[in-house]
2 protein chains.
Amino acid sequence: MLSIGNLSKTSGVKVPTIRYYEKIGLIAPADRSQGNQRRYEADDLKRLIFIKHARDLGFHLDDIKSLLTLKEDTSCPCSGADEILTRHLSDVRNRISRLQRLEAELERMSHCEGECVAECSVIESLADHSHCLYEH
Amino acid sequence: MLSIGNLSKTSGVKVPTIRYYEKIGLIAPADRSQGNQRRYEADDLKRLIFIKHARDLGFHLDDIKSLLTLKEDTSCPCSGADEILTRHLSDVRNRISRLQRLEAELERMSHCEGECVAECSVIESLADHSHCLYEH
DNA sequence: TATAATAGCTCTAGTCACTATAGCTTCAAG
DNA sequence: CTTGAAGCTATAGTGACTAGAGCTATTATA
């Protein structure tokens, strides 16, 4: 039997976040002690670690909910899980390439040599889109 | 004299977003027509394009506010602008490398070959952190 | 000039995934 | 038995918008 504080320490998920997950129905309402405090078991910890792990990997709570449902239902083929992952992976790749173009742009803008703002390349670049390397 | 709709079209910033920017003080309250509709001039368009541009590059509104202030004050040296940019650039680089580690992890997890969830590598990977390549 | 469609107005609430605060109660250690 | 840490609920705030309701103004066409 774990208190919410211990569950938090063991899982790495903050206490208010655990309560938040309960509130939105991502985890089941916890059992309560006589004094109305939450008490958890090993299974709850497992579920929370799964969630933590998926969040660290950037999955949305919605997708995590779906993954947990798939996990529960041992009969159902896992193509659903694969689809969620594939979608997420392509999303991540998208974000990477957008950020890399951004990086190039920012790199190019940086290291202003002007002394006053009138000559500041940073501000000039931001003001005038036509200097840009790519469309955005 | 531009209506908010035309300002929106020309700048690429959505109408409600323009009103939102006014509300939070990022742009000055617009002049009004006799019928109380917002009317804009060339300078307002310039400022909005600056903002749009900086947002596209991922700057926070707070930083954009600072950049606009620096832009206004033509006397002040632009090291402030350079600092904001440098900070943002390192933030972008951070995000890129985190996403790349993520990508590797997701790639490794993907293409589940199991038929039922008990064998699904995606779900298994999420449940068991010890399979991971890096700490997260 | 009349009318209808489009655009604009304000205000409130919702999004996502938490985080912070206030004011209270319970628990565990000494 | 006391004290301090941990727990409880409920509400509000974050960032950067977005959506909706219910109204008014402008503009294009008949």
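Throughout, a chain's letter reflects where its sequence line sits, starting with A, and its residues are numbered from 1. Just so it is clear, the values below take in all heavy atoms, side chains as well, and ignore hydrogens, waters and symmetry mates.
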Exercise for review: Return the 5'-most residue of the pair B:H60, B:N36 with respect to DNA chain D, ranking by each residue's nearest nucleotide.
Suggested key: B:H60
Review point. Does a salt bridge link B:R93 with A:E107, judged by any charged N lying under 4.0 Å from a carboxylate O?
Key: yes
Review point. Atom CD1 of A:I18 and atom P of D:dA6: how far apart are they, to the nearest Å?
Key: 14 Å
Practice item. Identify the residue among A:K9, A:Q37, A:R19 that makes a side chain to side chain contact (heavy atoms under 4.5 Å, CB included) with A:I4. Key: A:R19
Practice item. Round to a whole Å and report the spacing from OH of B:Y20 to P of D:dT18. Key: 10 Å
Practice item. Starting at atom CD1 of A:I4, determine the distance to atom P of D:dG7, rounded to an integer number of angstrom. Key: 7 Å
Check your understanding: Charged N to carboxylate O under 4.0 angstrom, B:R87 versus B:D91?
Key -> no
Revision key, fill the gap. Footprint ends on DNA chain C, 5' to 3', for atoms under 4.0 angstrom from a heavy atom of chain B, come out as C:dG8 to C:dT10
Practice item. Calculate the interatomic distance between B:E22 atom CD and D:dT18 atom P; express it in whole Å. Key: 17 Å
Review point. Contact class for B:R55 (heavy atom, under 4.0 Å): base, sugar-phosphate, or nothing?
Key: sugar-phosphate
Practice item. Could you check if a side-chain atom of B:I51 sits within less than 4.5 angstrom of a side-chain atom of B:L68, using non-hydrogen atoms only? Key: yes
Check your understanding: Rounded to whole angstrom units, what separation is found between the OH atom of B:Y21 and the P atom of D:dG15?
Key -> 14 Å
Review point. What is the distance, rounded to the nearest whole Å, between atom CZ of B:R32 and atom P of D:dA25?
Key: 13 Å
Practice item. Nearest whole angstrom, please: distance from the C1' of D:dT26 to the CG of B:L2. Key: 16 Å
Point to revise | Nearest-nucleotide comparison on DNA chain C, the residue closer to the 5′ end among B:K9 and B:K23 | key: B:K9
Check your understanding: Between B:G35 and A:R39, which is nearer to the 5' end of DNA chain C once each is assigned its nearest nucleotide?
Key -> B:G35
Review point. Does the distance from a Lys or Arg side-chain N to an Asp or Glu carboxylate O, for B:R47 and B:D43, drop under 4.0 Å?
Key: no
Check your understanding: Under 4.5 Å between any side-chain heavy atoms of A:Q100 and B:Q100, yes or no?
Key -> yes
Review point. Roughly how many Å is it from OH in A:Y40 to P in D:dA6, rounded to a whole number?
Key: 16 Å
Point to revise | Closest to side chain of A:S3, choosing from D:dG7, D:dA16, D:dC8 | key: D:dG7
Check your understanding: NA contact type, A:R19, heavy-atom cut-off 4.0 Å: base, sugar-phosphate, or nothing?
Key -> base
Check your understanding: Side chains of A:R55 and A:Y21: does their closest heavy-atom pair fall under 4.5 Å?
Key -> yes
